[in-house]
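In this text the structure is predicted, and so the values were computed from the model without any measurement. Position 1 is the first residue of the sequence, and the numbers go up from there.
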Amino acid sequence: MTTRVIIVDDQAMVRAGFAALLAAQSDIDVVGEAPDGAQGVELSQRTHPDVVLMDVRMPEMDGLEAARRLLSPPPGVTHRPRVLMLTTFDVDDYVYEALRAGASGFLLKDAPPADLIAAVRVVASGDALLAPSVTRRLIADFAQQRPASRGKPALRLKGLTERETEVLTLVARGQSNTEIARTLVLAEQTVKTHVSRVLTKLDLRDRAQAVVFAYESGLVAPGEQ
C-alpha cells in the first residue's frame with residue numbers, strides 16, 4: 001500500500017530535498033507541496049494525503065494553525081491526515097501545542113534521511129513518532145514549563161486499571177511497545193491492547209497525546225526515568 005504525502009514548508013530547497021528523498025521510495029507517493037500553512041490546508045483538502053509533513057514556522061499561516069485546521073476540520077469534512085511536524089533544534093513551544101492539537105509527532109529538519117523515511121512510515125501506520133530521545137527531552141522541557149494540572153486530567157486517570165496506568169506511564173517515558181513488554185514481562189500484543197484501551201478510555205488520538213496527557217495530569221514528572 002502506497003502512502004500519500006504532502007510537504008508544507010516555506011523553504012523551497014527543503015521541500016525539494018524531502019520530496020526527492022521520499023519519492024524515491026516505492027511505498028511513498030509525494031502528491032504535492034505548499035509554501036505556507038494556508039496553502040497546505042487547501043492542498044490537503046484537494047489531495048487527501050495520508051501524511052502531512054508540516055513546518056512549524058511559516059508566513060501567512062504557521063504550522064500550528066494549519067495542523068489545527070487539518071485535525072479538527074469543519075462539519076462535513078471527513079478527511080483527517082496524520083500530521084508530522086518539522087522543527088529545528090531549538091525547543092519550540094509551537095511543537096507542544098501541535099501535539100495537543102493532535103499532531104502525531106515531530107522530527108528535526110536535520111535528521112538523517114533514513115529517519116525521515118522511517119518517520120513517514122511510522123506515522124502512516126497509525127503510531128506516533130515518540131521514540132527518539134530528543135523527543136522525550138523536548139516534551140519533558142515543555143511539561144516542565146507548565147505545572148501539572150491536578151483537575152480534570154487527574155480525575156480521568158481514575159478510569160484506568162492499575163496495569164493500564166503502568167503502561168501509560170511507560171509510554172510517557174518514551175518506551176516502545178517492545179520495551180514496555182520487556183519491562184512488564186508481557187507479550188507485545190498484550191501491550192498493544194492495553195495502549196489501545198488507554199487511548200479509548202482517555203479519548204486520546206494516539207501516543208503523542210497520551211504523553212502530553214500523562215505530564216499534564218501529573219502522572220509523570222519531567223526528568224523522571
- [ ] Dump the intermediate steps for side chain to side chain contact (heavy atoms under 4.5 Å, CB included) on Leu53 and Val8, then the final yes or no.
- [x] CA-CA 6 Å; Leu53 289 178; Val8 186; over 6 Å; no

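- Note that CE of Met58 and CD of Gln11 are 11.0 Å apart. Values are rounded to the nearest 0.5 Å.
- The closest donor-acceptor contact from the side chain of Thr169 to the backbone of Thr165 lies under 3.5 Å.
- Rounding to the nearest 0.5 Å gives a distance of 11.0 Å between OG1 of Thr193 and CD of Glu188.
- No side-chain donor-acceptor contact under 3.5 Å links Asp29 to the backbone of Val31.
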Open item on the list: Between Thr3 and Val51, does the side chain to side chain contact (heavy atoms under 4.5 Å, CB included) criterion hold? Intermediate values first, please.
Closed with: CA-CA 7 Å; Thr3 298; Val51 176; 4.0 Å; yes

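- At least one donor-acceptor pair under 3.5 Å links the side chain of Glu179 to the backbone N or O of Ser176.
- Salt bridge Asp27/Arg121: present, at least one basic N to carboxylate O contact under 4.0 Å.
- When every heavy atom of Thr2 is checked against every heavy atom of Ser26, the shortest pair comes out as OG1-O, 4.4 Å.
- Counting only distance, with no hydrogens or angles, the side chain of Ser44 and the backbone of Gly40 share no donor-acceptor pair below 3.5 Å.
- Between the CG atom of Asp36 and the CG atom of Asp55 there is a distance of 11.0 Å, given to the nearest 0.5 Å.
- Taking both residues in full, the closest heavy atoms of Leu71 and Gly102 are given as CD1-C, 3.3 Å, listed atom of the first, atom of the second, then distance.
- Within the model, atoms CD of Glu164 and OG of Ser196 stand 10.0 Å from one another, a figure rounded to the nearest 0.5 Å.
- Checking Val167, Leu168, Leu219 one by one against Leu160, the side chain to side chain contact (heavy atoms under 4.5 Å, CB included) holds for a single residue, Leu168.
- Under 4.0 Å is where a charged nitrogen must lie from a carboxylate oxygen, and between Glu166 and Arg163 at least one such pair does.
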- [ ] Go through Leu186 and Ile180 one step at a time and tell me if the side chain to side chain contact (heavy atoms under 4.5 Å, CB included) criterion holds.
- [x] CA-CA 8 Å; Leu186 296 172; Ile180 294 172; 5.7 Å; no

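- Closest heavy-atom contact between Arg80 and Pro73: CD-CD, 3.5 Å.
- Distance alone, capped at 3.5 Å, is enough to place a donor-acceptor pair between the His79 side chain and the Pro49 backbone.
- In terms of modelled atom types and a separation under 3.5 Å, the side chain of Asp50 and the main chain of Arg4 share a donor-acceptor contact.
- Using a 4.5 Å cut-off on side-chain heavy atoms (C-beta onward), Gln175 and Thr183 make contact.
- Heavy atoms only, all atoms of each residue included: Ala23 and Val30 are closest at N-CG2, 3.9 Å.
- Closest of all the heavy-atom pairs between Val83 and Leu70 is CG2-CD1, 4.3 Å.
- Between atom CE of residue Met54 and atom OG of residue Ser104 there is a gap of 12.0 Å, rounded to the nearest 0.5 Å.
- At least one side-chain heavy atom of Phe18 sits less than 4.5 Å from a side-chain heavy atom of Leu86.
- Salt-bridge formation is detected for the pair Asp9/Lys109: a Lys NZ or Arg NE/NH1/NH2 atom is positioned less than 4.0 Å from an Asp or Glu carboxylate oxygen.
- A distance of 11.0 Å separates OG1 in Thr190 from CG in Asn177, rounded to the nearest 0.5 Å.
- The two atoms that bring Ala67 and Met85 nearest to each other are CB-SD, 4.3 Å, heavy atoms only.
- At least one donor-acceptor pair under 3.5 Å links the side chain of Ser217 to the backbone N or O of Phe213.
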TODO: Output, in order, the C-alpha distance, side-chain angles, deciding distance and verdict of side chain to side chain contact (heavy atoms under 4.5 Å, CB included) for Val56 and Asp62.
DONE: CA-CA 6 Å; Val56 171; Asp62 62 34; over 6 Å; no

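- With Glu42 as the fixed residue, the side chain to side chain donor-acceptor pair (under 3.5 Å) test singles out one of Gln45, Gln39, Arg46: Arg46.
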